[in-house]
Amino acid sequence: MKPYTKRSYDLLHEGVLALAQIEAVGMRVDEAYLAKAIHRTERRINRLQTTIKKTDVARIWKKTFRAKTNLNSNEQLGKILFGVMKYPSTLTTPSGRFKTDGEALSGVDHPFVQDWLRLQTLQKALSTYLKGLVREMKDGYIHPFFHLHTTQTYRSSSDKINFHNQPVRDPKLMRLIRTAFIPREGRQLVEVDYSGLEVTISACYHKDPRMIEYICDPTKDMHRDMAMECYRLPQAEVTKPVRYCGKNMFVFPQFYGDWYIDCARSLWEAIDKMKLQTTSGLPLKAHLAQVGIHSLGRLDPKERPQPGTLEAHIQQVEQRFWKKKFPTYARWKKSWYEAYRQKGWFKTLTGFICQGYMKKNEVINYPVQGSAFHCLLWALIELVKHELKRRRMKTLVVGQIHDSLVADVPVGELEDYLKLAYHVMVTRLMQHWKWICVPLNIEAEVSPPGMSWADVKPMEIPK
DNA sequence: AAACAGTGCGCG
DNA sequence: AAAGCGCGCACTGTTT
């Protein structure tokens, strides 16, 4: 079978040309800042390494591995902490080694671990991000590549540098790296992204009425509601970080096919890691104890979760989520997967055909992920190849991150650009693809003139 | 020296 | 019965 349709081929063809134009334009980098940031980060790494080498863990490490000692080795760290020092280990890698990622190490109560993890973060900042920028920079500009031929899902990918994974969630790391990205003279950086794009696009497939209500009614908030259920809180006691956990440790994982055991684990671990409290200031574990949840539970799939554990509670939340709240979505998952099992392929709303061996979760997720990106891609093509040109605007689109566009905008063009972005990304796109039956929306973040990507602040989009 | 598998981590 | 999806990059440790 031909793995594409004419309209899907045309989208990629036009998309490749538009993305090539963006690559050629490139994004400006603050060379002086970059040099300073590298120097500073190298010094911090050296200091931290000195501290770490003086600890008892490092002594045991050297005694064990002798000449082969490598304080950067995850495999060696696992053997020292869990093998030699006998800290309890619950998680192993697929090949049977001790897992030593942040989650696995959060169970080890030793100051060495915090320092070691901070060192890892700084080293990644230095080698992947700061030095990556230096390597790819030419005359003060970088030209990240954007590909449409590398992915399973018909999303895009980016490399040299990877523009898609620049730090943003950790505020310190965000500032260290994004300060290096700056606008050209007399301009400001503007990032416009779709709000909840994948949720909206998934609704175009399954058409679950309650999900559509959540998307359309601005007074409703699915992530807040699920945070309330997961931690058994009344609405007024849900703080921003608690809502964040409801969203990223329950709702999205559930959409992508996760299950209650892993959700319960991350919801529980987040309480200490993020020092979660209620609005009134009660630590969340104390609150949970008040409502009868005293421990996480054994998280053993072979056992029935014990009453009074978070595991048992989240299992119930999961059942309500799919059986009571979003039954139409649940039925769509089932029938979509069944259809794939019959035919061996499926077609996305944007006309792409996915075929070959896929797992259930892949069959469910690919169409949403791909089609969501195609919304951005269509808007990007219209902006770059047609609208900006036709209006003789000087705005330059400099990058794309799955559901967002980064542009370098002359100060005087800001208002026009924001209006145009809304016109293309929302109004015209919904006219173009009639299958988008749930309203789209966008949000903007803008840096003050001459300031960096680290300095962007939310801004209303003028209508 | 180059290639490869495995691991971890940054983003949506 | 099986139990998050998609990427790119750096690094370790082994094999070719």
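In what follows, chains are A, B, ... by sequence order, proteins preceding strands, each numbered from 1. Remember, predicted model here, so these are calculated numbers, not experimental data.
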Base-contact (B) and sugar-phosphate-only (S) positions in nucleotides 10-16 of chain C, heavy-atom cut-off under 4.0 Å, - elsewhere: SSSS---

Aromatic ring pairing A:H402/A:H164, orientation class (parallel under 30°, perpendicular over 60°, tilted between): tilted

Separation of atom NZ in A:K247 from atom P in B:dC11, rounded to whole Å: 13 Å

Side-chain donor-acceptor pairs of residues 238-253 of chain A under 3.5 Å, sequence neighbours excluded:
from   : atom 1 : to     : atom 2 : distance (Å)
A:T239 : OG1    : A:V242 : N      : 3.4
A:R243 : NE     : A:D221 : OD1    : 3.4
A:R243 : NE     : A:D221 : OD2    : 2.9
A:R243 : NH2    : A:D221 : OD1    : 3.3
A:N248 : ND2    : A:Y244 : O      : 3.4

Donor-acceptor pair under 3.5 Å, A:Q369 side chain vs C:dC5 base: yes

Test ring pair (Phe, Tyr, Trp, His ring centres under 6.0 Å) applied to A:F145 - qualifying residues, sequence neighbours left out: none

Phosphate OP1/OP2 of B:dG8: any A:K99 side-chain N/O under 4.0 Å: yes

Sugar-phosphate only, base, or nothing, as touched by A:S158 at under 4.0 Å among non-hydrogen atoms: sugar-phosphate

Separation of atom CZ in A:R155 from atom C1' in B:dG12, rounded to whole Å: 5 Å

Rounded distance in Å - CD1 (A:I161) to C1' (B:dC11): 12 Å

Contact under 4.0 Å: A:Y366 side-chain N or O vs C:dG6 OP1/OP2: yes

Euclidean distance, atom CG of residue A:L19 to atom P of C:dC7 [Å, nearest integer]: 16 Å

Nearest-nucleotide pick for A:T150, side chain only, options being B:dG10, C:dG8, B:dG8: C:dG8

Charged N-O contact under 4.0 Å between A:R155 and A:E198: yes

Residues in side chain to side chain donor-acceptor pair (under 3.5 Å) contact with A:D225, at least two apart in sequence or another chain: A:Y214

Base-pair map of DNA chain C as dot-bracket, where | denotes pairing with a different strand and pairs are Watson-Crick or G-U under 3.5 Å: ....||||||||||||

Any donor-acceptor N/O pair under 3.5 Å between C:dG8 base and A:N162 side chain: no

List, with names and distances, any nitrogen or oxygen atoms from the protein found under 3.5 Å away from nitrogen or oxygen atoms belonging to nucleotides 4-6 of chain B.
from  : atom 1 : to    : atom 2 : distance (Å)
B:dG6 : O3'    : A:S95 : OG     : 3.4

Parallel, tilted or perpendicular: rings of A:F163 and A:F181 (30°, 60°): perpendicular

Geometric class of the A:F255/A:Y329 ring pair [parallel <30°, tilted 30-60°, perpendicular >60°]: tilted

salt_bridge(A:E338, A:K343) N-O dist < 4.0 Å: no

Aromatic ring pairing A:Y205/A:W332, orientation class (parallel under 30°, perpendicular over 60°, tilted between): tilted

